Amino acid sequence: GAPGAGKGTLCKRLAQTYDFTHISVGDLLREKAHDTNISRYLENNELLPSQYLFPVLRDAFRNAAPGRPIILDGFPRRHEQIGEFEEAFGEPRLVLFFQCPRQLAKERVLGRKEGRPGDTSEVFDKRYKEYLELNPPILDYYGSIRGKGTLVEVSCVNARLGVSFPANHL
């Protein structure tokens with residue numbers, strides 16, 4: 001979903017409801033902001049290349065509770081990450097796409113209580129433009145190439161939990 005769509009909030013709720021391990025790529029990267037390779041990208045509000053992102057993900061997956069499903073929040077951001085990710089971590093059982101209108105997403109980002117660095121109108125516009133460019137091939141892949149049932153679209157307008165998982169995905 002777009003920046004401000006509510007991915008983090010909804011993924012946390014899903015993790016609590018279904019006893020998943022929630023891994024937020026954004027949170028992981030903010031925790032690693034002291035790493036100069038990562039901080040350079042974060043400071044410029046740029047997407048992190050896989051060569052820096054995947055080691056962080058590997059550590060998070062290793063530290064996850066054994067046997068619990070993982071809900072990975074905020075990934076993939078680029079189509080080319082899919083193959084490398086699936087080779088390293090396996091294919092996802094389900095991919096959630098959080099749909100949120102641009103204006104609502106922007107209001108959410110600018111009104112965040114925790115006020116993250118980069119929560120400005122200019123940064124949102126840049127990130128949203130990037131999202132519009134990079135997201136369609138990912139949706140095409142999981143919507144048609146992977147086959148029916150992999151991609152689940154969720155409206156984030158007035159979203160609470162609103163998602164239930166088919167038994168074959170749990």
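When a residue number appears, it is its place in the shown sequence, counting from 1. Owing to the predicted nature of the structure, the values given are computational and were not obtained by experimental measurement.
- Between V157 and P101, the closest side-chain pair of non-hydrogen atoms falls below 4.5 Å.
- In the hydrophobic cluster analysis, where Ile, Leu, Val, Met, Phe, Trp and Tyr join through side-chain heavy atoms closer than 4.5 angstrom, V123 is grouped apart from L29.
- P55 meets the side-chain contact (heavy atoms from CB on, under 4.5 Å) test with R58; sequence neighbours excluded.
- Looking at residues two or more places apart in sequence or on another chain, you find a side-chain hydrogen bond (donor to acceptor under 3.5 Å, both in side chains) between R68 and D19.
- The main-chain N or O of L14 is never found under 3.5 Å from a side-chain atom of T17 such that the two would form a donor-acceptor pair.
- With values rounded to the nearest 0.5 angstrom, K7 atom NZ is found 12.0 Å from L72 atom CG.
- Under the 4.0 Å criterion applied to side-chain N and carboxylate O atoms, R112 and D119 are assigned as salt-bridge partners.
- Taking both residues in full, the closest heavy atoms of P76 and I82 are given as CG-CG1, 3.8 Å, listed atom of the first, atom of the second, then distance.
- Atom-to-atom distance recorded for T150:OG1 and Y142:OH is 8.5 Å, nearest 0.5 angstrom.
- The nearest pair of heavy atoms linking V109 to G4 is CG2-CA, 3.5 Å.
- Between P92 and E86, the shortest heavy-atom distance links the atoms CD-OE2, 3.5 Å.
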- prompt: Taking it one step at a time, do R78 and L47 satisfy side-chain contact (heavy atoms from CB on, under 4.5 Å)?
  reply: CA-CA 9 Å; R78 293 185 174 103; L47 294 178; 3.3 Å; yes

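- Atom-to-atom distance recorded for H34:NE2 and T36:OG1 is 9.5 Å, nearest 0.5 angstrom.
- Note: the hydrophobic cluster containing V154 does not contain I70 (ILVMFWY, side chain heavy atoms under 4.5 Å, direct or indirect links).
- Between atom CG of residue L151 and atom CG of residue L94 there is a gap of 8.0 Å, rounded to the nearest 0.5 Å.
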field: Worked verdict on L57 versus F75 for side-chain contact (heavy atoms from CB on, under 4.5 Å)
entry: CA-CA 10 Å; L57 287 177; F75 186 85; 4.3 Å; yes

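- The pair D125-R102 meets the salt-bridge criterion, since a charged nitrogen lies less than 4.0 angstrom from a carboxylate oxygen.
- In summary, D35 and K32 do not engage in a salt bridge, as defined by a charged side-chain N under 4.0 Å from a carboxylate O.
- L104 and C156 make their closest contact through CD2-O, 4.3 Å (heavy atoms, listed as atom of the first residue, atom of the second, distance).
- Around atom CD of E87, no more than 12 heavy atoms belonging to other residues, nucleotides or ligands sit under 6.0 Å away.
- Applying the side-chain hydrogen bond (donor to acceptor under 3.5 Å, both in side chains) criterion to E80, with sequence neighbours excluded, gives no partner residue.
- Between Y131 and F97, the ring planes lie parallel to each other; the angle is under 30°, not in the 30° to 60° tilted range.
- Side-chain atoms of R108 come within 3.5 Å of backbone N or O of A5 as a donor-acceptor pair.
- The shortest side-chain heavy-atom distance between F98 and S155 does not fall under the 4.5 Å cut-off.
- Between atom CG of residue L10 and atom CG of residue L96 there is a gap of 9.0 Å, rounded to the nearest 0.5 Å.
- Contact between C11 and D73 at its shortest, heavy atoms only, is SG-CB, 3.9 Å.
- Both V56 and F89 belong to a single network of hydrophobic side chains, linked directly or stepwise wherever heavy atoms of I, L, V, M, F, W or Y lie under 4.5 Å apart.
- One finds no salt bridge joining E122 and K126 here, because no Lys/Arg side-chain nitrogen approaches an Asp/Glu carboxylate oxygen to under 4.0 Å.
- Considering CG of L134 and CZ of R127, their distance stands at 12.0 Å, rounded to 0.5 Å.
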- prompt: K106 and Y128: side-chain contact (heavy atoms from CB on, under 4.5 Å), yes or no, with the steps?
  reply: CA-CA 9 Å; K106 188 171 188 173; Y128 194 84; over 6 Å; no

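- Closest non-hydrogen pair, N37 versus L48, comes out as O-CD1, 4.3 Å.
- Side-chain N or O atoms of S50 include none that pairs as donor or acceptor with a backbone N or O of L53 at under 3.5 Å.
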field: Candidate pair I23 and L28, rule side-chain contact (heavy atoms from CB on, under 4.5 Å), full reasoning
entry: CA-CA 8 Å; I23 297 176; L28 287 174; 3.5 Å; yes

